[in-house]
Structure formats: C-alpha cells, structure tokens
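Below: one structure, written as structure tokens.
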2 protein chains.
Amino acid sequence: MNTNLYQLINCCIIEDDEVIRNGYVSLLSADEDFFVSGDYASAEAALEQLDRIRPDVILLDIQLPGMRGVDALPAIRKILPGVHIIMLTVHESDDLVFTALKNGASGYLTKNTSFNKIKEHIRDVIRGGGAMSTEIALQVMKYFQKNQHSPLTKRETEILECVAEGKSRSKIAQELFIDQETVKSHIKNIYHKLDVNSRAEALSVARKSRFI
Amino acid sequence: MNTNLYQLINCCIIEDDEVIRNGYVSLLSADEDFFVSGDYASAEAALEQLDRIRPDVILLDIQLPGMRGVDALPAIRKILPGVHIIMLTVHESDDLVFTALKNGASGYLTKNTSFNKIKEHIRDVIRGGGAMSTEIALQVMKYFQKNQHSPLTKRETEILECVAEGKSRSKIAQELFIDQETVKSHIKNIYHKLDVNSRAEALSVARKSRFI
DNA sequence: ATCATTTACCCCCTTTAGGGGGATTTTACA
DNA sequence: TGTAAAATCCCCCTAAAGGGGGTAAATGAT
C-alpha cells in the first residue's frame, strides 16, 4: 500500500476505444505516482461522475461517439474549473486542435506519443506547464507562420495590416504619407486579388491564408 | 574518430553569454550524436560563416547585442532555407516568442530547460517536429484561449464572429433569422462596449482581448 | 534598354455602414 | 413574480467604403 496517497496524481480517462482505454488504465495504475479514479467510454458517462472522483488530470479523446471531446471541454470546466485536461488525438492536422486550445485544454498529444512521454506531460501540466507533442507544436508553429506566397505586394500587405487595426482610409493615408485615393486604390487591388469586396472579408481571407 | 560522421547532427550556437555558449558547446560535443560546427557571440558573426558551415540546427538566443535574434531569423533563412532554428530565451512571456514563431522558428525553448531535454528537442526538430518547452507551450495555449470575462453577450459575440468572417448586415440577418436592424443594433452595442466605431476596429480590439 | 510590376493619383456614382434617437418582447434570475 | 438584462425591431440622417473607369511616374528584372 502506498503511504503517500496525497501525492498521487489522480487521473481520469475518457476514451471510447476499449483497448486503448484499458491500456492507459493499466499502464498508469502500474506507476506508483498515478492513480486512476475513473475511465469512461463517453463524455456523457464521465460528466455524471466527475464531481465525485475529482481528478487532477483528465485524458480526453477528441473523437468520441455522442458528445465530442472539444464540446465536452467547456462542460468539464464548468464542473471542475481547475482540472487539467489533456486532449488525445490521432489526427494532428485538424481544426479541432485549435478549437480545443481555444476551449481551454492544458495539453494536446497525438496518440502515437510514447507512454513515458505521456506520463511526463501529465507531470508537466500538474506543475503548471503546457503539454504539446512535437506534431502539435509543429501545427501550432505553422499556424503562426506567415505565408511566403502571398499575392499581395509589400505595400498592399502594409495597408491591409493597417486595415486590420481598424484604421480608416484617411488615417492610413496620413500614416503612410500618401493620398487617401491611393489607399483606396490599393485596397481595391487587394480586393481583386483576394476576390472579396469588403474590409472584414479581406481580413478574413488574408488571415486564413496567413498573408497578414 | 567517429565513423558515422554523416549521421552526426551539425549544430551551431549563437549566444552572447560566453559561459552559456561554451556550456552548450562542450555538452553537445561530448555527445556522440552531435557535432558543433560553430559558435558565435553575435548574429552578424554567424551570418558570415553560415554558408560555409551549413548546420542542420541552430540554437539562437533571442536577446543578442546588435541584431536581435528574431531579426536574425529571416536573414538566416535566406542563407539556409532548410535549417532548423531553435530559439532560446530567459523570458517566456515575451511578445518576441510570437514574433519568432511568425518568422519561422522550428522551436522555442526557455533556458532553464535541462540539457537532456534540449538534446531531445534538437532530435525532434530534425525529425520534422516542433520543439516547445512547457512554459512556451503554456504561453501559446493562453494565447489561443478565449477570455472568459468578455463584456459581450452570447448574441453579440456570435454576431461579431460573423463580422469577423466578412459578412454584411443583411447576410448576418439572414443567417441568424433576424432583421437587419437588429443586427445593426447589436453591432452598435458592441461598438459602445468596446469603445470603437468600425468593424475592423471592433475586430482588432476583440481579438487583442480574446473576446472572439 | 525595355517591358511588367508596383506605386501613386484622379473622377463620378452607388451601396453599406455608422450615430442618434426610439420601442417592444423575451429571457434569466433573484 | 417582479425586475433587469438581453434581444428584437423601427426611423432619420451623415459618413465612410466600395465599384467603375482612368493616368503616370518609379522600380526592377531580364
């Protein structure tokens, strides 16, 4: 019997694949630092029990039948505001990654992550850090990177960035020491290149393609 | 003499602190997987030699005298487009983190990262992954997280998100099954709450505060 | 040296958005 | 069940943005 029960990391696993779920349970249970307080095949089943088992860390599969993992996130947060939630996924290049991050996940790991690393990442989040497998980190970094193949010229990009800050034609003209009509001209050209017809739309398209 | 020279990871270190720089050099050189082809106290000094030493990975300090690390990034990329650049920093909560990510860093590590982990991260980027220490990962995740204390109501947030996608009043009205005037009303309220007076400005402010 | 691109500027006109006032009805919650 | 907040809709008017057309100087690459 472990005499340091208070130090154990209380884990909970939500994962629909029975084999994987049991794998995590037995491997975590085998480690003297971890204690598995619950394992569930669906978010719904877990949500009923969470206030009772009060885990420190939840391993949450992104692809669940019924309520999706990303949607379960806010629901779990409502019950246990302080819990660390680590998302598990097979698809690293999914929009769900960013949705999950927005919804407040503490970490994001691909399922091919070795179990030793998973344990390490759990300890990381307990210490207050963030957990991210290398595949996800790469995704995130790609997300930040500007697209090198922008159809916009330097000046156009410059002006679109002013637009992104909410500046009016006159303000942009003033800042760049050019005429308002010139600004208008540039914006028109930007619209043609991006095939849009409003500022917000141009920003939306340009952001999606990382031109700005 | 190592007979697997071709397998060695060719590293280069750009770091102004002599002690830290030499620490990295000796520790990396001591590992049979790594080969240190150069170490420099400034970006300028390194840039002169890069095309000759052709490293696989560059450890680049963010805070350098003269040319800053983040500014050196694009310059290095120009000389060696394929090189993996790992940024090193003491301040994890710096805007420079995001600037570096935008400029195409392959990784971002805080200097308190253990040397073993640094070596692991170098191997990660060589494999095509991304490297991020837990502190940086946390920063990045915070960056993504929506602000829970938004002054905007659900409906207002919903409408602002439509605005962010470049939709016009009429389109938003159509999508939400409400009148154009209602949309206008909501947008007016949003403007008052955010203290702005245009769509792009509202988006700019709302994004900065993570309301959307 | 030349051709394409970029940057800059001008006019007329239409559409959309924004500022100011309202009012009414849900909805949430104490 | 009463009240506040949120959501809905209406009007008048002005300011800003967008669509169409155009010209011309600077820049850059071949």
Side-chain angles (χ1 to χ4, degrees), chain A residues 74-75 77-79 81 146-209 211-212, chain B residues 74 78 81 146-207 209 211-212:
Chain A
R77 276 246 163 279
K78 212 165 184 178
I79 300 172
K146 276 198 190 179
N147 192 328
Q148 254 63 48
H149 311 94
S150 171
L152 306 180
T153 69
K154 258 189 196 173
R155 196 55 152 182
E156 285 164 353
T157 307
E158 198 178 2
I159 283 172
L160 193 54
E161 270 159 1
C162 285
V163 168
E165 287 169 37
K167 290 166 186 158
S168 67
R169 276 184 205 167
S170 56
K171 191 157 193 182
I172 297 171
Q174 211 175 301
E175 261 178 44
L176 303 182
F177 305 107
I178 53 176
D179 196 279
Q180 293 192 32
E181 281 297 326
T182 308
V183 176
K184 189 182 161 185
S185 235
H186 283 300
I187 292 179
K188 268 197 285 190
N189 290 333
I190 293 169
Y191 288 1
H192 287 141
K193 286 184 181 179
L194 302 186
D195 191 28
V196 297
N197 44 26
S198 79
R199 292 174 163 229
E201 217 180 332
L203 292 174
S204 169
V205 171
R207 277 223 179 73
K208 276 200 188 103
S209 305
F211 298 151
I212 54 164
Chain B
K78 212 165 184 179
K146 276 198 189 176
N147 192 327
Q148 253 62 50
H149 313 93
S150 170
L152 305 180
T153 68
K154 257 190 195 172
R155 196 56 152 178
E156 284 164 356
T157 306
E158 198 177 2
I159 284 172
L160 193 54
E161 270 159 2
C162 286
V163 169
E165 285 169 38
K167 291 167 186 157
S168 67
R169 276 185 204 165
S170 55
K171 191 156 193 183
I172 297 171
Q174 211 175 302
E175 260 179 44
L176 303 182
F177 305 107
I178 53 177
D179 196 279
Q180 294 194 30
E181 280 299 324
T182 308
V183 177
K184 190 181 161 186
S185 231
H186 282 302
I187 293 179
K188 270 197 284 190
N189 290 333
I190 293 169
Y191 288 0
H192 287 140
K193 286 183 180 178
L194 302 185
D195 190 28
V196 298
N197 45 25
S198 80
R199 289 172 166 231
E201 218 179 330
L203 292 173
S204 170
V205 170
R207 278 223 179 73
S209 305
F211 297 152
I212 54 165

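All values below come from the heavy atoms of this structure, side chains included, with hydrogens, waters and symmetry mates left out. In what follows, chains carry the letters A, B, and so on, assigned in the order in which the sequence lines appear, proteins first and then strands, with residues in each chain numbered from 1. Quantities reported herein were computed from a predicted structural model and do not represent experimental measurements.
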Item to check | A/R77: partners by side-chain contact (heavy atoms from CB on, under 4.5 Å), with sequence neighbours left out | outcome: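 Scan of A/R77 (side-chain contact (heavy atoms from CB on, under 4.5 Å), adjacent residues dropped) gives A/V83, A/I85, A/S106.
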Checklist entry - Considering residues at least two apart in sequence or located in another chain, which fulfil the side-chain contact (heavy atoms from CB on, under 4.5 Å) criterion with A/V196? => result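 Residues passing side-chain contact (heavy atoms from CB on, under 4.5 Å) with A/V196: A/Y191, A/L194, A/E201, A/A202, A/V205.
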Atom [atom1] of [X] and atom [atom2] of [N]: how far apart are they, to the nearest Å?
X: A/Q174; N: D/dA16; atom1: CD; atom2: P; result: 13 Å
X: A/I190; N: D/dG18; atom1: CD1; atom2: P; result: 10 Å
X: B/I172; N: D/dC9; atom1: CD1; atom2: P; result: 14 Å
X: A/L176; N: C/dT7; atom1: CG; atom2: P; result: 11 Å
X: A/D179; N: D/dA25; atom1: CG; atom2: P; result: 17 Å
X: A/I178; N: D/dA25; atom1: CD1; atom2: P; result: 18 Å

Checklist entry - Can you check whether A/H186 has a side-chain N or O nearer than 4.0 Å to OP1 or OP2 of C/dT7? => result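 No.
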Checklist entry - Out of curiosity, B/I187 CD1 to B/H192 NE2, how far, rounded to the nearest 0.5 Å? => result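 Here the rounded value is 12.5 Å.
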Checklist entry - How far does OG1 of A/T153 sit from CD1 of A/I190, to the nearest 0.5 angstrom? => result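 Interatomic distance, A/T153 OG1 to A/I190 CD1, rounded to 0.5 Å: 7.5 Å.
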Could you work out, with side-chain hydrogen bond (donor to acceptor under 3.5 Å, both in side chains) as the rule, every residue matching [X], not counting sequence neighbours?
X: B/K146; answer: B/E161
X: B/S170; answer: B/S168
X: B/S150; answer: none

Show me the side-chain donor-acceptor pairs of residues 172-186 of chain A shorter than 3.5 Å, one per line, residues at least two apart or across chains.
unit_1: A/E175; atom_1: OE1; unit_2: A/K167; atom_2: NZ; d: 3.1
unit_1: A/D179; atom_1: OD1; unit_2: A/E181; atom_2: N; d: 2.7

Checklist entry - Can you list every pair that meets salt bridge (charged side-chain N to carboxylate O under 4.0 Å, His left out) and has a residue in residues 188-200 of chain A, with sequence neighbours left out? => result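 The answer is A/E156-A/K193.
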Checklist entry - Under a 4.5 Å cut-off applied to non-hydrogen side-chain atoms, are A/R207 and B/R207 in contact? => result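 With C-beta onward as the side chain, the pair touches.
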Checklist entry - So what is the end-to-end bend of the helix from C/dA1-D/dT30 to C/dC29-D/dG2, with 5 pairs used at each end and the value given to 10 degrees? => result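 Roughly 80° between the end axes, to the nearest 10°.
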Item to check | Closest nucleotide among C/dT7, C/dC9, C/dT6 to the A/K193 side chain | outcome: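 My answer, after comparing the listed nucleotides, is C/dT6.
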Item to check | Nucleic acid contacts of residues 149-162 of chain A, taken as heavy-atom distances under 4.0 Å to DNA chain D | outcome: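 None - not one residue of the stretch has a heavy atom sitting under 4.0 Å from the strand.
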Item to check | nucleotides 13-21 of chain C: protein proximity per nucleotide (B base, S sugar-phosphate only, - neither; heavy atom, under 4.0 Å) | outcome: ----BBBBB
Checklist entry - In chain order, what residues pass the salt bridge (charged side-chain N to carboxylate O under 4.0 Å, His left out) check against A/R155, with sequence neighbours excluded? => result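 So A/R155 forms a salt bridge (charged side-chain N to carboxylate O under 4.0 Å, His left out) with A/E158.
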